[in-house]
Each structure stands twice: as structure tokens, then as C-alpha cells.
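Single-structure report; data block below.
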Amino acid sequence: MSRKKEYFVTGDPQWPPTHPGEILREDVLPALNLSVSEAARQLRITRQTLHKILAGTMSVTPEMAVRLGKFCGNGPNLWINMQVAHDLWKAKQRLKNEIKRIPDHKDMGRIAYT
């Protein structure tokens with residue numbers, strides 16, 4: 001069994017990571033030649049829900065990631081990780097000034113949890 005090598009991004013990107021809905025809209029549905037209605041039917045969700053995800057106005061929840069992972073055959077981790085990356089970038093941008101005012105205690109040693 002060969003292991004795939006993963007590459008991690010270091011630092012914060014200037015632009016937000018791609019919302020998973022954009023991947024579905026631009027790549028997945030066209031490759032499968034499926035309409036939004038048919039994809040929603042196969043995913044067992046409403047058209048409105050799928051439209052919101054495709055527009056990037058609704059997040060991919062863990063439950064939706066499980067559905068998308070089954071639908072695309074690549075498992076839920078890809079979908080939920082894309083959503084987390086997107087949401088985290090947005091949160092960092094939104095809280096940038098607030099975070100600067102929070103002290104950093106990383107040099108204080110490890111915290112023991114009991």
C-alpha cells in the first residue's frame with residue numbers, strides 16, 4: 001500500500017480558500033452532467049439547500065459532508081476540511097484587529113489536563 005504525500009500550506013493565504021459549493025458548481029455537477037434538481041434528489045436534500053451551498057451562502061455541515069463524500073466517492077473529510085478552511089480564513093479576517101489585542105501565552109509551557 002503506497003501512502004500519498006500531503007502538502008500543508010504555511011502562513012495565511014491572501015484570498016479565502018475555495019468554498020466547497022464552488023467545487024460542486026464548477027467541477028462536480030458539470031462532470032457528472034447533472035442538474036441541480038437531479039443532484040439534490042440524489043443527495044436526498046432540497047433544491048434550495050443545494051442552491052445555497054452552490055452559491056456559498058450555506059456551509060457544508062458534517063452531515064452534508066457525509067452525503068457529498070458518498071455522492072462523489074471521495075469520503076466526507078475533503079468536504080468538511082474545505083469548509084473548515086474557508087470558515088477559518090473568514091473568521092481570522094473578521095477578527096483580525098480583535099485578535100491582536102489578545103495576549104499570547106505560548107511560551108508559558110504546557111497545560112496539563114486532568
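Side-chain atoms are counted along with the backbone in the values below, which use heavy atoms only and exclude waters and symmetry mates.
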Working note: V60 + M82, criterion side-chain contact (heavy atoms from CB on, under 4.5 Å); need CA distance, chi angles, decisive distance, verdict. CA-CA 9 Å; V60 170; M82 281 196 298; over 6 Å; no
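Criterion: ILVMFWY side-chain heavy atoms under 4.5 Å apart, direct or through other members. Under it, L29 and M64 are part of a common hydrophobic cluster. I45 and I80 end up in different hydrophobic clusters when Ile, Leu, Val, Met, Phe, Trp and Tyr side chains are linked at under 4.5 Å. Clustering ILVMFWY residues whenever any of their side-chain heavy atoms sit less than 4.5 angstrom apart, transitively, puts L43 in the very cluster that holds L32. The hydrophobic clustering, which links ILVMFWY residues whose side-chain heavy atoms are closer than 4.5 Å, places F71 and M58 together.
Side-chain contact annotation: K90 with Q93, donor-acceptor N/O pair under 3.5 Å absent.
Side-chain atoms of H86 never come within 3.5 Å of backbone atoms of T18 as a donor-acceptor pair (strictly under, hydrogens ignored).
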Check residues 49-57 and write down every donor-acceptor pair under 3.5 Å in which the side-chain atom is one partner and the other belongs to a residue at least two apart or another chain.
residue	atom	partner	partner atom	Å
T49	OG1	T46	OG1	2.8
T57	OG1	K52	O	3.2

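With a 4.5 Å cut-off on side-chain heavy atoms, C72 and V28 count as touching. At least one side-chain heavy atom of Q83 sits less than 4.5 Å from a side-chain heavy atom of H19.
Atom-to-atom distance recorded for L24:CG and W79:CH2 is 4.0 Å, nearest 0.5 angstrom.
Residues P17 and A85 approach most closely at CG-O, 3.5 Å, considering heavy atoms.
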